[in-house]
Protein chains: 2
Amino acid sequence: MDKRISEAELEIMEALWRRAPLTAAEVAESVDEDRGWSPQTVKTLLSRLVSKQAVAHQKDGRRFLYSPNVARDDYVGGESQRLVDRLFGGKVTPLVAHLAERDALSDDDIEEIERLIRGLKS
Amino acid sequence: MDKRISEAELEIMEALWRRAPLTAAEVAESVDEDRGWSPQTVKTLLSRLVSKQAVAHQKDGRRFLYSPNVARDDYVGGESQRLVDRLFGGKVTPLVAHLAERDALSDDDIEEIERLIRGLKS
DNA sequence: TTTTCCCGTTTACAGCTGTAATCGTTCTGA
DNA sequence: TCAGAACGATTACAGCTGTAAACGGGAAAA
């Protein structure tokens, strides 16, 4: 948990959050579908993540097994907080209000948020 | 509305969203407090924003007047959507749930969101 | 044993960012 | 009229990103 994780690196993290530990080749497989990256690219991203300490690797014979070193929840929480801080003065309500106004909320969403909020109140 | 606005550039946008049109010098003044940028830096950021078409400039004598070319609301909406897409599978509810779980919501927030949701339902 | 393959590591390279300094031109005050 | 001042434009430069290719060493296959 050192420097920020870039967009491409996030793809790698998602693969490792889905399943870990994985070898570089397995990560490449788990990710290639959508992005079409060469295995080299995946390896580069993995080592960058290792130096950023977002990913840990332990030797397994002559190869490495990679595992996330940051919980997805923590990452997601941090990023959400960043957004809220940067754009909504640190307040969550305006974010929700904003999404609501932009019709980004379906009726089901509204229903569900209401249930959620109701749960929080008790 | 072309390429993405970077973090530093966002500071400039915020100044222009607060008040516009402004000269480069005025932007620098309106922003310098927190960041401690040299006026040159502000000018560089302004021209980058102009080439990204996030800012418009019209000649006023031998200087330019700069104005935002993107509404803050649109920008904020786009960024929020990006976050929701990248980290919450495009669903808003998990975001709210997440913030709630992380205790990022005060009682007042909850109260207010509830009011907001209630408003949406009717 | 020799060739081939697989790994991780190193190097590459262009585009974006942060942060300016410098340049050329034009207005302005002396 | 002539030297600054003020502007925008051009150039700088290191660090981060996206996207690999090349390299070197060991393991596996022939």
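All figures in this text were calculated on a predicted structure; none of them were measured in a lab. Within every chain, numbering begins at 1; the chains are lettered A, B, ... in the order of the sequence lines, protein sequences first and strands thereafter.
A salt bridge does not link B:Arg19 with B:Glu26: none of the charged nitrogens is closer than 4.0 Å to a carboxylate oxygen. The pair A:Arg118-A:Glu114 counts as a salt bridge, with a side-chain nitrogen and a carboxylate oxygen less than 4.0 angstrom apart. For A:Lys3 and A:Glu9, the salt-bridge test fails: no basic side-chain N is under 4.0 Å from an acidic carboxylate O.
B:Asp60 has its CG atom 17 Å from the P atom of D:dA6, to the nearest Å. Distance CD1 (A:Ile12) to C1' (C:dG8): 15 Å, rounded to an integer number of Å. Counting to the nearest Å, the P atom of C:dT9 and the CG atom of A:Leu49 are 14 Å from each other. When rounded to the nearest whole Å, the span between CD of B:Glu26 and P of D:dA6 equals 14 Å. One atom, CD of B:Gln58, and another, C1' of D:dG8, lie 15 Å apart when rounded to the nearest Å. As a whole-Å value, the separation of A:His57 NE2 from C:dT9 C1' is 11 Å. Whole-Å rounding puts the B:Lys59 NZ to D:dC7 C1' distance at 10 Å. Atom P of nucleotide C:dG8 and atom CG of A:Leu22 are separated by 12 Å, given to the nearest angstrom.
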Please table the atom pairs, donor to acceptor, closer than 3.5 Å between any side-chain atom in residues 55-62 of chain B and protein atoms at least two apart or in another chain.
none

Atom pairs under 3.5 Å: protein N/O with N/O of nucleotides 3-5 of chain C:
none

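Formation of a donor-acceptor pair under 3.5 Å by the A:Trp17 side chain with backbone atoms of A:Val70 is found in this model. Under a 3.5 Å cut-off, the side chain of A:Arg72 and the backbone N or O of B:Leu87 do form a donor-acceptor pair.
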Its contact letters, B for base, S for sugar-phosphate only and - for none at protein heavy atoms under 4.0 Å, make nucleotides 14-22 of chain D read --SSBBBBB
